[in-house]
Amino acid sequence: MENQTFSEDVLLLEGLKVTPQSSFPAFILLLLTYIFIMVSNIGLVVLIFRDRSLHQPMYLLFCNMSINDVLGATTIVPHVLRDILIASADRYIHYIECVIQAFCVHLHASTSHTVLMIMAFDRYVAICNPLQYATIMTNRMVLRLTVLAWGVAFVMVAILLGLTIRLSLCRRMILHPFCDNASVFKLSCQSLLINHIYGLSYTVLLLGSSIGSVALTYLRIATVCVSSKSRALNSRALQTCATHLAVYIILLVSGFIIVILHRFPQLSDHRKVVAVMAHVALPALNAVIYGLQIKEVRQKIIAVFHINKVSLMAVK
């Protein structure tokens, strides 16, 4: 079947290899994690937009990350949950749906980097040019940076998938738990040279600009903190940058692990699990890091729970 010309628009997903004994616990764990991701990230966005005191550039940029995490988790988790409970021979997906899923997967990954880049710029202005921060980081500037972060990622991913959908298919098996660009263009028997060249250029440009801009930003921040010798400045820099840097390092490490595992075909099952976890663990961790490590957001969350508790006691 693999060597026959494939004319239908239905593909078959390989999915995760889960034993019948562990399928139900895996389903429950993944479902609870997904519910947490949705509630925490959407709750964080609603909290920031409802409270005028949080209408600051830093928090508005956080909303981009939360919205992107919701997109990434929703793209992957429902499909994986469905496939855990059904037989491997019934894990069908339409080609158009597969392409859309692949687009959203890469958009989520790319936007994670571009959003963290503009957040690094925000921290740079706040620490290195505090007197000009309000002038530079206006609402219009925040909007422009947001459009730039999402727009650049959208265009890059659109070209990536555009080069893939031009290919004709000769196979139907997606050797992955979900659709991504590589798993889709491997269904073709045509030359993939252009896809490989653009894919490599896309990865180098995205990671190179991301790592380079964040590294230069934090080197500049470190230089300012060391030269100023101000405890107040250093404390503020540590408080505002630690959260961003932690999220960025987790994103990079998870990405490099997936790339390294691609080099070892015998570890393909481990790579699949890591790929799914990257779209589940990271959104959950981001919500925890932003929600609990940022003082202002943490205080608002505590205040909301306190008001609800008082209301319940009054009803009783």
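Everything quoted here is computed from the prediction, not taken from an experiment.
Taken from CG in L116 to CZ in R123, the straight-line distance is 13.0 Å, to the nearest 0.5 Å. Summarising the geometry, atom CD1 belonging to I250 is positioned 7.0 Å from atom CG belonging to N286; distances are rounded to the nearest 0.5 Å. Atom SG in C179 sits 10.0 Å away from atom OH in Y95 (nearest 0.5 Å). With rounding to the nearest 0.5 angstrom, the CE atom of M137 is 11.5 Å from the CD atom of Q56. The OG atom of S168 lies 3.5 Å from the CD atom of Q190; values are rounded to the nearest 0.5 Å. One distance of note links CG of L71 with OG1 of T74; it measures 7.0 Å at 0.5 Å rounding.
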Practice item. Show your working on side-chain contact (heavy atoms from CB on, under 4.5 Å) between V45 and I67 and close with a plain yes or no. Key: CA-CA 8 Å; V45 172; I67 293 172; 4.2 Å; yes
Practice item. Go through the steps to decide whether L30 and V80 satisfy the test side-chain contact (heavy atoms from CB on, under 4.5 Å), and finish with yes or no. Key: CA-CA 9 Å; L30 191 58; V80 176; 3.6 Å; yes
Check your understanding: Would V247 and L251 satisfy side-chain contact (heavy atoms from CB on, under 4.5 Å), going step by step from the backbone distance to the final call?
Key -> CA-CA 6 Å; V247 171; L251 176 66; 5.5 Å; no
Point to revise | Test side-chain contact (heavy atoms from CB on, under 4.5 Å) applied to H113 and L207, step by step | key: CA-CA 8 Å; H113 283 278; L207 290 180; 3.6 Å; yes
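A donor-acceptor pair shorter than 3.5 Å can be found between the side chains of D180 and S183. In this model, no donor atom of one side chain and acceptor atom of the other lie less than 3.5 Å apart for R144 and N139. No hydrogens or angles considered: a donor-acceptor pair under 3.5 Å links the side chains of N68 and S112.
No side-chain heavy atom of I42 sits under 4.5 Å from any side-chain heavy atom of V39. Inter-residue side-chain proximity for K186 and I174 is flagged as unmet; no heavy-atom pair is nearer than 4.5 Å. Within the 4.5 Å cutoff, the side chain of L85 has heavy atoms near those of the F27 side chain.
Minimum heavy-atom separation, S23 to I84: O-CG2, 3.3 Å. Of all heavy-atom pairs spanning T164 and N195, the tightest one is OG1-ND2, 3.5 Å. Across every non-hydrogen atom of A73 and I37, the tightest pair is CB-CG2, 3.9 Å. The nearest pair of heavy atoms linking R82 to Y92 is NH2-O, 3.3 Å. In terms of heavy atoms, T114 sits closest to A149 at OG1-O, 3.0 Å. Shortest non-hydrogen contact noted between C170 and S188 is SG-C, 3.7 Å.
Ring orientation note: the planes of F62 and Y59 are nearly perpendicular, at an angle over 60° on the 30°/60° scale.
V70 pairs in a side chain to side chain contact (heavy atoms under 4.5 Å, CB included) with only one of the listed residues (M65, M38, H108), which is M38. Here the options are V157, V152, I159, the test is side chain to side chain contact (heavy atoms under 4.5 Å, CB included), and the partner is V155; only I159 passes.
For F154 and F103, the gap between ring centers is short of 6.0 Å.
Y34 is linked by a ring-ring contact (aromatic ring centres under 6.0 Å, His included) to nothing, counting only residues two or more places apart in sequence or in another chain.
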